Amino acid sequence: MAIGGDGGAGDNIILNPEFDDGLDNWSGSGCKIELHDSLDDGKVLPANGKYFVAATGRTDTWNGVQQDVTARLQRKRLYEATATVRLHAPAGGAAVAPCEVRATLGVQTADGRQQYLGIGKSQVSDKEWVQLQGKILLNSTVAKAAIYVEGPAAGVDVLLDSLVVKHAQKAPPAPAPDFEKLEYGANILQNCNLDDGVDGLSGWFPLGPCTLSVHDGAPRVLPPMAQESLALDDEPLNGKHIHCTNRTQTWMGPAQIITDKLTLYATYQVSAWVRVGGAQASGAPAPPQNINIAVAVDSQWLNGGQVLARDERWYEVGGAFRVEAKPATRVMVYVQGPDAGVDLMVAGLQVFPVDRKARVKHLRRLTDKVRKRDVVVKVTGGGAEVRVHQVSNNFPLGACIMRTNMDNEDFVDFFTKNFNWAVFGNELKWYWTEPQRGQVNYGDADDLLRLCSDHGMSVRGHCIFWEVDNAVQQWVKTLSTDDLSAAVKSRIDGLLTRYKGKFKHYDVNNEMLHGSFYQDKLGKGIRAAMFKTASELDPDALLFVNDYNVESMCDVRATPEAYIQQIIGLQEQGAPVGGVGLQGHVSNPVGPVIRSVLDRLAVLGLPLWFTEVDVSSANEHVRADDLEVMLREAYAHPAVEGVMLWGFWELFMSRDDAHLVDAEGEINEAGRRLLQLKREWLTRTHGHADDNGEFKFRGHHGQYQIDVTTPTGKVSQTFTVDKGDAPLVLNIE
């Protein structure tokens with residue numbers, strides 16, 4: 001990570017950073033610190049200067065080395081930090097196992113709140129010095145601020161060689177990728193029809209000592225997701241497929257090298273028909289088999305799509321991938337996944353660059369049908385001049401916010417101007433409101449709710465429970481069955497009674513496709529019971545399931561079919577499931593893949609929401625394209641009733657290279673694309689009433705202002721265009 005240059009605003013805010021002045025400006029946090037020029041008879045020497053410091057006598061993980069930076073750390077200013085650290089066993093102590101060391105900014109705000117902001121962390125050992133790097137953004141006005149180096153278990157000494165904290169220098173954004181020579185829709189695989197070569201396998205090879213052969217009997221139409229991208233509704237396949245036998249490992253299957261055929265930053269859609277065959281040694285049918293189209297980029301593995309084959313039918317598999325980092329030396333596409341001994345069949349495999357601009361034209365036509373309504377303005381007398389201006393779109397578009405963000409007025413300004421819904425990042429989760437048993441604190445959630453209420457924003461409640469084991473606080477895990485049942489009841493009663501009527505939605509038990517903590521401990525009925533109790537306590541709240549990877553077709557645990565089965569199972573137990581949450585942490589989104597998932601889930605007849613959307617690319621232009629794909633697909637689908645972004649501000653995102661606004665408030669290309677779409681989805685029109693005194697237009701749903709000017713004067717009026725099939729008639733007197 002680059003560190004700001006010397007001089008001016010780039011100067012290190014850490015005093016005595018390499019201990020040339022001894023321990024001046026440094027202190028121990030709950031422990032002693034000692035200055036050294038070497039340890040262990042010269043085996044441990046400074047990495048940079050003449051000295052290093054050791055934090056000794058540590059009795060807790062938070063003990064370490066600290067420096068007060070209150071007077072030098074500026075709020076709303078992005079800093080980069082680099083600490084050079086190492087571990088050391090105390091005299092006579094056992095060898096130290098590698099463990100995590102953290103750099104943390106601890107502050108006491110001007111209004112008395114304590115905040116701890118992670119700067120960076122790294123696995124560190126006692127064998128060598130390691131650089132720990134990260135960034136800091138302070139939102140709050142503080143009474144006191146200090147930077148700590150801490151983390152290992154009690155009894156382990158932490159060594160600090162140097163600490164540098166400088167204003168982060170902004171790198172110029174990368175230009176938009178050049179796709180001029182890209183042939184959209186062209187399959188980059190050789191011999192996809194399997195009719196080249198003596199055996200029909202020219203360009204293909206077996207990955208591992210398995211056997212490939214070509215046979216007839218495969219589907220003769222393109223898979224639906226490829227049809228939609230390529231606009232080839234009746235393009236036939238020739239019915240041939242690769243049959244892979246003698247597979248002794250799951251990774252064995254047909255493969256092809258595509259190194260020289262890829263364009264950096266282009267998004268490639270993957271599509272194929274796949275099937276399994278053959279019996280197990282026992283003669284019994286094979287259990288459900290995971291089939292994956294994988295892309296090996298040097299030593300990196302990319303997921304091109306997955307499907308779970310439950311029988312010996314042909315299945316569609318689809319997905320997408322992208323290569324960003326640098327030109328690869330070797331890129332290989334291969335099909336893998338089924339158990340050893342299970343035959344694998346592949347037909348019509350396509351890998352082609354996606355034309356996103358062509359898709360936009362299609363989505364605009366769908367949007368016109370789904371998100372607009374005809375309006376007839378009737379004006380007394382003909383010839384009146386009419387000007388229509390849409391003030392706001394009523395489609396729910398929201399974002400994630402955290403308590404610390406409230407202290408940054410620039411963040412709050414962007415948030416309140418550009419979104420109409422909110423969700424809290426952590427502040428409503430059980431591990432946040434009750435980190436220790438009986439210590440319940442809703443202060444942060446109350447503050448955030450007050451901010452949203454002041455700006456007329458609706459709020460999603462995320463989440464009452466979280467089913468994934470590593471999201472459950474330790475004290476909950478140690479409870480007996482009876483105590484856990486009581487704690488669950490106390491949690492849901494306390495939360496929903498306190499906030500009755502405040503949250504429009506609740507994610508009742510987050511990520512039930514990926515975890516089963518409460519179900520394992522309290523039985524299969526607990527999930528439905530949570531929904532029923534929530535409904536009794538707050539009948540007006542819409543109760544959601546919420547999960548990840550469903551929209552991407554890349555996770556056999558989270559297929560649309562598995563989600564539908566789970567929801568129907570809950571409903572059969574009496575659970576009042578009111579909505580389906582798709583988190584939307586997506587990589588390389590492709591419209592037809594997203595649309596296919598939405599179509600499948602729409603059969604439930606429940607509102608679909610994207611609840612935690614973020615996209616990631618180091619190139620802002622590619623990130624903007626990804627975001628546009630997600631927002632346009634959602635807005636153009638009739639079953640989708642809202643979209644929430646999982647943040648937008650740098651350092652307050654769950655993924656790197658996902659922000660729309662940098663830490664110091666500058667909007668990047670992805671942020672500009674969001675604003676551009678918001679403008680596009682506002683209707684503005686003007687003209688004159690016809691001889692019948694009518695002015696007609698088709699407008700997005702939302703709030704409007706109309707100005708009508710006649711020879712006798714001007715009339716202004718506000719009105720709302722709601723959903724409806726019949727034209728809205730507006731009479732202007």
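Not measured: the values here are computed from a predicted model. All values below were derived from every heavy atom in this structure, side-chain atoms included, with hydrogens, water molecules and symmetry-related copies excluded.
Using a 30° and 60° split on the angle between ring planes, Phe503 and Tyr499 fall in the perpendicular class, above 60°.
Using a 4.0 Å cut-off between a side-chain N of Lys or Arg and a carboxylate O of Asp or Glu, Asp538 and Lys500 do not qualify as a salt bridge. A salt bridge is defined here as a Lys NZ or Arg NE, NH1 or NH2 lying under 4.0 Å from an Asp or Glu carboxylate O, and Asp626 with Arg322 meets this definition. At a threshold of 4.0 Å, the pair Lys477-Asp469 counts as salt-bridged, since one of the basic side-chain nitrogens sits closer than that to a carboxylate oxygen.
Within the structure, salt bridge (Lys or Arg N to Asp or Glu O under 4.0 Å) contacts touching residues 598-610 (residues at least two apart or in different chains) are Glu561-Arg600, Arg595-Asp599.
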Could you walk me through whether Asn292 and Gln306 pass the side chain to side chain donor-acceptor pair (under 3.5 Å) check? CA-CA 4 Å; Asn292 165 236; Gln306 283 182 285; 4.9 Å; no

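By the neighbour-count criterion of 12 heavy atoms within 6.0 Å, atom CD of Gln565 is sparsely surrounded, having that number or fewer from other residues, nucleotides or ligands.
Shown here are the salt bridge (Lys or Arg N to Asp or Glu O under 4.0 Å) partners of Glu434, two or more places apart in sequence or in another chain: there are none. The salt bridge (Lys or Arg N to Asp or Glu O under 4.0 Å) test applied to Asp493 returns Lys489, not counting sequence neighbours. Remark: Asp625 pairs with Arg673 by the side chain to side chain donor-acceptor pair (under 3.5 Å) rule, at least two apart or across chains. Here Asp368 pairs with Lys372, Arg698 under the side chain to side chain donor-acceptor pair (under 3.5 Å) rule; sequence neighbours left out.
Interatomic distance, Thr250 OG1 to Leu344 CG, rounded to the nearest 0.5 Å: 11.0 Å. One finds the OG1 atom of Thr404 at 10.0 Å from the CD1 atom of Ile401 (value rounded to the nearest 0.5 Å).
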Would you mind writing out the side-chain donor-acceptor pairs for residues 643-652 within the sub-3.5 Å range, not counting sequence neighbours?
from	atom 1	to	atom 2	distance (Å)
Trp649	NE1	Ala663	O	3.1
Glu650	OE1	Ala663	N	2.8
Glu650	OE2	Lys135	NZ	3.4

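A cation-pi geometry, defined here as NZ or CZ lying under 6.0 Å from the six-membered ring centre and within 45° of its normal, holds between Arg460 and Phe544.
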